[in-house]
Amino acid sequence: MTSQYTPETIARLYRSLYFIRHYEERVAAIYPSDKIKSPVHLSIGQEFISVGVCDVLRPDDAVSGTYRGHAAYLAKGGDPAAMMAEMYGKATGSAAGRGGSMHLIDTKANVLGASAVVGTTIPIAAGYALALKRQKTDRVIVAFFGDGASEEGCFYETLNFAALHKLPILFVCENNFYAIHEPQSKRWATDRFCERVATFGIDARKITSGDLFEVRDTAAELVDKLRRGEGPALIECHAYRWREHVGPNEDYDQGYRPRTEMEPWEARDEVPRIAALLPEAERAAIEAEAQAAIDAAVAFAEQSPFPAAEELYRHVFA
Amino acid sequence: MSSPNAATRQLRYVDALAEAVSQEMARDESVFVFGLDVDDHKAIQGSTRGLLERFGPERIFTTPLSEDAMTGVAIGAAMAGMRPIHVHIRMDFLLLCMNQLVNMAAKAHYMYGGAVKVPMVARSMIGKSWGQGAQHSQGLHSMFMHVPGLKVVAPSNAYDAKGCMIAAIRDDNPVIFMEHRLLYPTEAPVPEAPYTVEFGRARRMLEGGDITVVGVSNMAIECLRAAELLREVDVGVDLIDPITLVPLDIDTIVDSVARTRRLLVVDNSWINCGASAEITSQVSERLGGSGPLQIRRMGFAPTTCPTTPALEQHFYPNPSTIAEAAYAMARPNGSPWRPDPEHARLAYQAQFKGPF
Ligand SMILES: Cc1ncc(C[n+]2csc(CCOP(=O)(O)OP(=O)(O)O)c2C)c(N)n1
């Protein structure tokens with residue numbers, strides 16, 4: 001599949017992938033200093049999904065994410081400095097210090113806000129899709145969510161509605177097999193997820209390879225269909241959460257999942273794999289540029305002021 | 001009101017909850033525990049610790065992320081004679097259960113003419129700090145207080161946590177059981193043998209003649225700390241923890257206010273249409289016209305909870321702001337007083353050890 005990719009596309013994908021990975025590594029490194037007082041749910045190991053999907057979107061398309069939303073936010077072009085400032089609780093943050101890591105938003109980049117209540121953003125994304133359709137655009141929206149979120153009633157209610165109205169929405173389920181510490185086997189009667197979704201008349205694809213290019217190809221095909229008004233589609237994408245559910249650490253010593261489960265994912269980590277497809281000098285330039293942008297985001301967050309006390313009462317009503 | 005004797009051991013709130021459930025599960029086969037993550041290694045911050053090992057996965061199990069349906073499951077099981085305890089790691093998630101709780105659980109006994117009972121407990125924890133923010137820190141008790149048929153319980157210490165939990169499990173009605181994250185590590189003397197804390201009986205935590213202060217949930221503890229600060233300026237606080245909001249022991253509060261003529265209600269939630277509105281209006285209905293009455297309420301700022309500590313610190317009442325407000329009421333002609341920040345800090349850190 002790689003062969004059909006131009007060097008420019010590979011470089012672009014790598015830039016996004018490397019940036020998100022290292023941005024989150026930096027967050028993990030800062031976290032113990034107490035400067036970030038916000039529960040962070042890192043997407044390390046799962047970034048390839050957001051990167052692959054968002055690469056086929058236009059700037060005017062939208063994404064909706066979850067509290068584990070750093071990757072979707074950044075891959076869609078959300079402002080990394082505003083995001084860091086938000087996690088620091090600064091006035092310059094993406095939500096002016098009100099939202100923290102779990103409620104990132106960037107209206108310029110068409111990143112819809114995220115929610116800490118699992119599943120709640122899925123119907124909202126469908127409502128957004130309804131508007132896009134009514135407004136007679138060919139814009140689309142992608143709703144990212146976890147396997148756990150698929151257990152909420154509103155997910156199925158949304159599938160039905162979206163299919164009924166042929167809404168331009170791509171559902172992307174990042175199946176990392178766990179909801180907090182509970183494995184899928186304790187939550188799903190069967191793993192025939194895509195089959196369940198397909199009964200709504202929705203084109204549902206399953207990707208188990210962890211391959212960024214397969215994600216991108218699939219997303220490209222389905223987004224094209226969305227733009228043509230053929231109705232919603234879904235990708236269930238297997239991935240693995242390398243770190244603990246919330247926080248910067250690994251937690252394999254806690255006994256709920258073995259590290260051996262993660263190792264095949266680590267072995268086929270997309271970051272070095274895509275890096276190897278690039279000429280050395282280009283790779284190094286991309287990495288240096290990314291590190292500089294991360295440094296700049298941190299410096300921006302560090303130097304920004306905290307909101308003043310009166311700010312507490314702003315934005316209660318519009 | 002039962003009182004623990006001084007010789008009983010200190011127990012943490014979180015362990016008191018686990019012990020209560022464990023003892024009831026041992027006593028009554030029909031008690032079972034379910035809800036997201038109740039059986040994982042974190043065990044809802046430890047509050048369900050040991051139950052899986054002791055009672056097995058049929059009686060304590062996780063669920064899919066399906067709170068609405070799972071509440072219906074609890075109701076159905078309760079109607080069939082079981083005593084389910086449905087656990088939510090945050091109170092905010094009860095909003096997904098609202099329809100089942102309000103339209104079904106609260107009403108079943110009445111609308112079926114007493115033919116069925118719904119003896120279930122919905123456990124939920126209020127969060128605070130570390131950027132918990134808008135959707136992980138709400139105290140939603142007043143929404144449930146509004147609806148006949150639901151009991152609402154908010155113990156502020158380990159002793160009441162155990163006694164209320166046992167009472168809730170044995171109660172034949174749906175009980176909304178409200179916990180607070182910051183209370184979990186606090187210790188109090190807790191007897192080993194099972195006991196109940198009767199619903200509808202408030203606890204006078206301190207006796208004092210200048211002002212009646214009512215603190216709900218964690219705010220009872222913040223008020224205790226505030227009272228400590230007020231001692232420095234000789235303001236005596238009659239501190240009352242209602243423990244249960246439905247049924248509400250308004251008599252104890254009214255008796256106190258009849259003496260002090262001053263009432264400050266500090267809620268662990270917003271003020272509008274909240275528990276504090278209910279308490280103060282019941283008191284004014286009873287005492288209005290019988291002499292001067294000063295009434296004030298404190299609670300969350302009328303905003304959504306922000307994540308940044310810079311704003312969050314202004315969102316909640318704290319021992320210092322509570323003490324300041326109480327002082328202003330108790331000494332209306334004195335010059336304004338504000339607790340020494342260093343003393344306030346120490347009071348804030350003090351571990352709760354009773355008294356009852
Ligand atoms: C409605 C609701 N129920 C429970 C929770 C607690 N909770 C937070 S994250 C999470 C796991 C969700 O798993 P999944 O959707 O698979 O996403 P992942 O964290 O794996 O990305 C749970 C149960 C919540 N936030 N909201």
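Here is the naming used below: chain letters follow the sequence lines, and residue numbers restart at 1 for every chain. Computed from a prediction, not measured in an experiment: that's the story for all the values here.
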For B:Thr62, the option from A:Arg187, A:Lys186, A:Glu182 that meets side-chain hydrogen bond (donor to acceptor under 3.5 Å, both in side chains)
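The side-chain hydrogen bond (donor to acceptor under 3.5 Å, both in side chains) with B:Thr62 is passed solely by A:Glu182 among A:Arg187, A:Lys186, A:Glu182.
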
Choice from A:Ala179, A:Gly153, A:Ser101, A:Gly99 maximising heavy atom contacts with chain B below 4.5 Å:
A:Gly99

For the residue pair A:Tyr256 and B:His41, categorise the inter-ring angle as parallel (less than 30°), tilted (30 to 60°) or perpendicular (more than 60°).
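It falls in the parallel class, under 30°.
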
Chain A contact via [X] - side chain, backbone, both or neither, heavy atoms under 4.5 Å:
{"X": "B:Gln313", "value": "neither"}
{"X": "B:His314", "value": "both"}
{"X": "B:Leu96", "value": "side chain"}
{"X": "B:Asp68", "value": "neither"}

Of all of [options], which one pairs up most often with chain A through heavy atoms under 4.5 Å apart?
{"options": "B:Pro306, B:Ala134, B:Ser129", "value": "B:Pro306"}
{"options": "B:Asp92, B:Leu36, B:Asp39", "value": "B:Asp39"}
{"options": "B:Thr63, B:Thr303, B:Leu311, B:Leu65", "value": "B:Leu65"}

Tell me whether B:Gln135 contacts the main-chain N or O of A:Ala116 through its side chain, where contact means a donor paired with an acceptor under 3.5 Å.
yes

Is the backbone of A:Gly97 close enough, under 3.5 Å, to the side chain of B:Thr308 for a donor and an acceptor to pair up by distance?
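No, B:Thr308 side chain to A:Gly97 backbone: no donor-acceptor pair under 3.5 Å.
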
Would you say the side chains of A:Glu152 and B:Ser66 form a donor-acceptor pair under 3.5 Å?
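There is no such pair (donor and acceptor under 3.5 Å, judged by atom type) between the side chains of A:Glu152 and B:Ser66.
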
Evaluate the side chain to side chain contact (heavy atoms under 4.5 Å, CB included) criterion for residues A:Asp34 and B:Trp130: first the C-alpha distance (whole Å), next the side-chain angles of each, then the deciding distance (0.1 Å), finally the verdict.
CA-CA 9 Å; A:Asp34 262 17; B:Trp130 210 265; 2.9 Å; yes

